[in-house]
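Contents: one structure, followed by commentary.
Here the structure is a predicted model, which is why all the values come from computation and not from measurement. Remember, it's 1-based here, ligands and their atoms both numbered in the order they're listed.
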Amino acid sequence: MLLIAHGGAGGRKPTKTALKKIKEALKAGYSILEGKGSALASIIETIAILEDSGLFNAGTGANLQLDGVRRLDAAVMEGARLEAGSVIGLEGYKNPIRAAEIVMESPHKILTNIGAKVLSFAYDLEPMPELDEKTLARLKRLKAGEHELVEIFKKHFSTVGAVAIDRDGDLAAGSSTGGVALMLPGRVGDTPIIGAGVYADNATGAVACTGKGEDIIRVCLAKEASMRMCGSAPIPAARGALKKILSIGGEAGLIAIKRTGAFAIMHTTAYMASGYTNGKEVVVKEGFTMVK
Ligand code: ASP
């Protein structure tokens with residue numbers, strides 16, 4: 001059994017608090033695997049902890065769109081059944097990853113805000129707290145083009161994601177985001193696009209991505225990396241897929257795992273707050289392997 005999680009690729013050094021939170025989320029997510037829980041249940045709990053922390057661009061810490069509204073995207077996928085669910089632009093609820101799971105078990109695969117909100121209400125998901133002054137003030141500064149802040153935000157993606165393999169050898173992947181800085185209302189990135197932000201197939205591998213969604217979508221990065229794991233180890237597969245991102249001038253990072261338990265944590269950016277646990281140790285770092 002193995003669980004991997006990330007808190008976003010980027011050019012800014014992750015804080016100690018963020019790394020600590022990833023460690024905490026990994027421990028909690030792994031305890032689900034130990035309790036005979038599925039890979040899917042494990043990644044959802046891991047991601048929900050990161051969403052609730054307010055430390056990442058997901059859940060209560062999510063970016064605002066230019067009109068001052070948080071519209072959250074998330075997706076989950078199971079490798080055994082090739083089942084997937086996603087929500088796009090969910091407003092008013094703090095755990096889009098849970099909404100994505102609900103969509104997966106509904107007759108549909110993707111719901112935008114209007115439908116995702118109805119299901120979130122029906123399933124009693126927790127509402128998003130009111131926006132605080134600090135977040136609103138940050139958007140104001142970004143809009144005013146405060147150079148330093150805009151540069152930081154352009155280079156820093158802090159979407160969260162996780163992949164896991166459970167005791168039955170089943171794989172799962174999930175991802176949750178508030179998008180990127182200074183996005184137009186209605187902008188959608190890679191995260192809720194099955195095959196771009198996440199993909200899981202027991203026959204190949206499970207992948208969750210982070211980075212500039214506009215680039216990741218063009219390469220269908222998660223599916224690209226997953227397909228490359230057919231007959232190949234995660235490390236060369238992830239490297240090949242990320243080189244494709246670099247070839248279009250993009251930036252991204254990904255976590256990938258195969259049924260054998262082999263895995264890769266790779267990024268084209270200087271950092272990617274991430275880590276893994278196999279129950280014996282929990283390893284969390286500012287970054288793992290950088291691809292140039
Ligand atoms: N991939 C996300 C998006 O484009 C951003 C991120 O990874 O932080 O919406």
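- Of all the heavy atoms in Ser232 and Ala237, the pair that sits closest is OG-N, 4.0 Å.
- Between Asp190, Ile193, Thr269, it is Asp190 that holds the heavy atom closest to atom 1 (N) of ligand 1.
- Residue contacts with ligand 1 for Ser158 involve N, CA, C or O but no side-chain atom from C-beta outward (heavy atoms, distance under 4.0 Å).
- Checked against a 3.5 angstrom limit, the closest N/O atoms of Thr210 and ligand 1 fall inside it.
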Step-by-step side chain to side chain donor-acceptor pair (under 3.5 Å) determination, Ser176 to Glu51: CA-CA 8 Å; Ser176 175; Glu51 285 177 337; 2.6 Å; yes
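- In terms of polar-atom proximity, Val180 is not counted as a contact of ligand 1, lacking any N or O under 3.5 Å from an N or O of the ligand.
- Considering backbone and side-chain atoms together, Ile216 places no N or O closer than 3.5 Å to any N or O of ligand 1.
- Within ligand 1, counting atoms from 1 as listed, the ones closer than 4.0 Å to a heavy atom of Gly179 are 5 (C), 9 (O).
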Expected list for residues 280-292: side-chain donor-acceptor pairs under 3.5 angstrom, two or more places apart:
none

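- Residue nearest to atom 9 (O) of ligand 1, selected from Met183, Glu214, Arg187, Lys212: Arg187 (by heavy-atom distance).
- Panel note: side chain Ser226, backbone Lys223; no donor-acceptor pair is recorded below 3.5 Å.
- By the 4.0 Å heavy-atom criterion, Gly8 is excluded from the residues contacting ligand 1.
- With sequence neighbours left out, the salt bridge (charged side-chain N to carboxylate O under 4.0 Å, His left out) criterion links Arg239 to no other residue.
- In this structure, Ser120 contributes its side chain and Ala116 its backbone to a donor-acceptor pair below 3.5 Å.
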